[in-house]
Number of protein chains: 2
Amino acid sequence: MKKAPTIRDVAAAAGVSVSVVSRVLNPESGPVAPAKREQVLSVISELGYRPRAAARELSAGHALTVGLVVTDLANPFFAQLADRVVWEARSHGVQVVVMTTQEDPHLEAESLDTLLDRSVGGVIATPTGGNVEKWDRLRDLGVNVVFVDRAIAELSDVDVVSIENSDSARRATDHLIALGHERIALITGPASTSTGRSRIGGYRAALESASISPDPMLVRDVPFRGDGGGDAVGSLLASPDAPTGLIVANTAQVQSSVRRLVQMGVRIPDDLSVIVFDDNPWTELTSPPLTAIRQPIGMLALHSLELVLGRMQGRLPAGARTIEVMADFVPRSSCAAPARLATSKSATR
Amino acid sequence: MKKAPTIRDVAAAAGVSVSVVSRVLNPESGPVAPAKREQVLSVISELGYRPRAAARELSAGHALTVGLVVTDLANPFFAQLADRVVWEARSHGVQVVVMTTQEDPHLEAESLDTLLDRSVGGVIATPTGGNVEKWDRLRDLGVNVVFVDRAIAELSDVDVVSIENSDSARRATDHLIALGHERIALITGPASTSTGRSRIGGYRAALESASISPDPMLVRDVPFRGDGGGDAVGSLLASPDAPTGLIVANTAQVQSSVRRLVQMGVRIPDDLSVIVFDDNPWTELTSPPLTAIRQPIGMLALHSLELVLGRMQGRLPAGARTIEVMADFVPRSSCAAPARLATSKSATR
DNA sequence: TACAAAAGTGGAACCGGTTCCACTCGGTTA
DNA sequence: TAACCGAGTGGAACCGGTTCCACTTTTGTA
């Protein structure tokens, strides 16, 4: 087991001081005679020298690393987000430390402490909603924070990147209304999250424009974890006045909801028209392929990273920025006009 | 923006030397009087002191970090693997830096250099197959390497964790043979990978046991990236002597293959019986639900991390270890006896 | 030709931990 | 009572970079 060369090894081999080597490594930090620069560079490649990140971090006070804090990578949404973030970060020479919270504020707090130990320059996170003071402390210590997909009401001065939640929910609802649906159910994230509230808002706005009076029983805000989506589907369809259209706007619950629909043998779109917030590749392999709101995950990742890196390099003006990107509406075969039969059936009960 | 307290701040506030604080932090490194220990601990919690990871790394020479090198996190297999690795690592106080290679040896090499800069204690990787000398150099510099899912023939002295590839392929093949299939196609990973070869081996063994002569045209080893699976499906089914059974044993190509089957309107299992190597939750939401070989990803993650951490702590005997875990066979509705019609149709051509 | 400004260089402190070592102080043992 | 041992402590070097500063050598300008 060999030992990796250090900057002093390089200096000695090149017959210069460590200062010169360091200046070759960081060109902005001072002048070096062209001849010596060549000399040093050749010794570096000959020895295979690479500067230790830890040493650089120690003296710089912060690392060229960003933390990515998400619920879990088993969720395709976060997996793809992580994939894009890692990819973009790489092209900027930045590493990504991934932490998962399982939607548990306690684990989230632990993750933030760990990232603080590591002196990360920034954090991209989908916050659980707790730990308000912890996020504040993090920012106070100079860590740049960007929330993605969700925001926290109590932390209004944090950068946020998300899709246009209200607009997306509105478009999905409008689509069903245009097909003739009047009883449209919405399964969405907790009303305590900005995402949940905005999507409910967009849904309500669409109903109001169509002069359909909203039925609170048709709106189900379920937690991001657990089987809340499936349960909501079950209880919605068990109702005597069951909906003819369903929008699953809680990304984490799409799979659970669709699974329940399949298990119950619900015929789509005959019995129920369905729109899901998910661009999982498998949604078009189900039968029928599901009409979906596709979140432009690459854009979310790109903007998040741009914000974090921009702040880290101090090239962004002060003041929190909110970036909302458009989501795509992808019509497939899971929506149709409501069946006469279904309408009369619910009417006769 | 405040400044985080350092060990010297703690020492000063507690009226002791930094040595004492350090010994409180690392109990094995020396004695501390019980009274002073209490004193120091109380100052630590009062100041909210946390040791900087970079400083510790610098003097220790290596970090409490492991690198995870996979193709991409958009692949559910790697996403779940990463999820479990991150989770297990957390419970050991270890952080995970994720790097993706896009199956490109050049990007892989870059990732390894980066991990070296970061002085990671270990690397868990799905190797692309190239960079043999680079992997060697990494190990030579004291980085513990564990390959997961695949091995590299040229690197025989590296720990490997994978499923029982041969056995799994054999079981899938046996299942189709038992149903009466004789023309069974196999889509698998490149024959240059251990995984690909083992699965072909298991498949051939099953055929031989049943005295079915293998047809080389029915075995397609396609790259992990790209649309090789879909193309293979297309060309297999276009053949005058098309198979009645199909095993997709290249995890990365399952989605592409199934997509093509759906696009071509192939009736499953009437026209074709299908078994996939994938435990993607969506495989049971397709119609029909797909019979699958489920890789115990949690086990792969657990064993990989145990190996890496075990080596890092030097509590494992020398010599490479190979761990193969059993995969589950999950029968669903995508397999049936071959249709007479299909048989006669292919016979009449 | 004289002198100021700029380019180039190396020494040394510093970042925040860990660890070796010398030292003091009590209590045992010969 | 002297020699010895171990627990407990603080000083200082060290890990491998970066950066400030003092110093020497060019170069440019009056």
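Below, chains carry the letters A, B, ... as their sequence lines are ordered, and counting in each starts from 1.
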Tightest non-hydrogen contact, residues A:Pro51 and A:Leu25, listed as CG-CD2, 4.2 Å
A:Leu25 CG to D:dG16 P, in whole Å, measures 15 Å
Charged N-O contact under 4.0 Å between B:Glu110 and A:Arg90
yes
* Full working for side chain to side chain contact (heavy atoms under 4.5 Å, CB included) between B:Leu41 and B:Val24 -> CA-CA 8 Å; B:Leu41 286 175; B:Val24 169; 3.8 Å; yes
The nucleotide from D:dT18, C:dG16, D:dT9 with an atom nearest the side chain of A:Leu58 is C:dG16
Rounded to whole Å, CD of B:Glu38 lies from P of D:dG8 at a distance of 14 Å
5'-most contact on DNA chain D (nearest-nucleotide basis), A:Ala60 vs B:Ala55, goes to B:Ala55
The residue among A:Arg52, A:Arg118, A:Arg56 that forms salt bridge (Lys or Arg N to Asp or Glu O under 4.0 Å) with B:Glu57 is A:Arg118
From CZ of B:Arg56 across to P of D:dG16 the rounded distance in Å is 18 Å
Stepwise salt bridge (charged side-chain N to carboxylate O under 4.0 Å, His left out) test for A:Asp104 and A:Arg225
CA-CA 10 Å; A:Asp104 173 353; A:Arg225 283 189 78 74; over 6 Å; no
For a quick check of understanding: with a heavy-atom distance under 4.0 Å over all strands, which category does B:Thr6 fall into, base, sugar-phosphate or nothing?
sugar-phosphate
To the nearest angstrom, the CD-P distance between B:Gln39 and D:dG8 comes to 16 Å
Of the listed C:dT18, C:dG8, D:dG17, the closest approach to the B:Ile7 side chain comes from C:dT18
Taking only nitrogen or oxygen atoms into account, show me every contact under 3.5 Å that the protein makes with nucleotides 10-13 of chain D, one pair per line with its distance.
| residue | atom | partner | partner atom | Å |
| --- | --- | --- | --- | --- |
| D:dG10 | OP2 | B:Ser17 | N | 3.0 |
| D:dG10 | OP2 | B:Ser17 | OG | 3.1 |
| D:dG10 | N7 | B:Ser19 | OG | 3.4 |
| D:dG10 | O6 | B:Arg23 | NH1 | 3.4 |
| D:dG11 | N7 | B:Ser19 | OG | 3.3 |
| D:dG11 | O6 | B:Ser19 | OG | 2.8 |

So, does B:Ser22 get its side chain near the phosphate of C:dT18, meaning an N or O under 4.0 Å from OP1 or OP2?
yes
* Asked: With a 4.0 Å cut-off, would you call A:Asp159 and A:Arg321 a salt bridge?
  -> no
Taken to the nearest whole Å, CD/B:Glu57 to P/D:dG16 is 13 Å
Paired with A:Val66, the side-chain contact (heavy atoms from CB on, under 4.5 Å) test is passed by just one of A:Gln95, A:His92, A:Met312, namely A:Met312
To the nearest angstrom, the OH-C1' distance between B:Tyr49 and C:dG17 comes to 7 Å
request  = Classify the nucleic acid contact of B:Pro31 as base, sugar-phosphate or nothing, counting any heavy atom under 4.0 Å across all strands shown.
outcome  = base
Taken to the nearest whole Å, CZ/A:Arg50 to C1'/D:dG16 is 15 Å
Here the distance between atom C1' of C:dG16 and atom CG of B:Leu47, to the nearest Å, is 15 Å
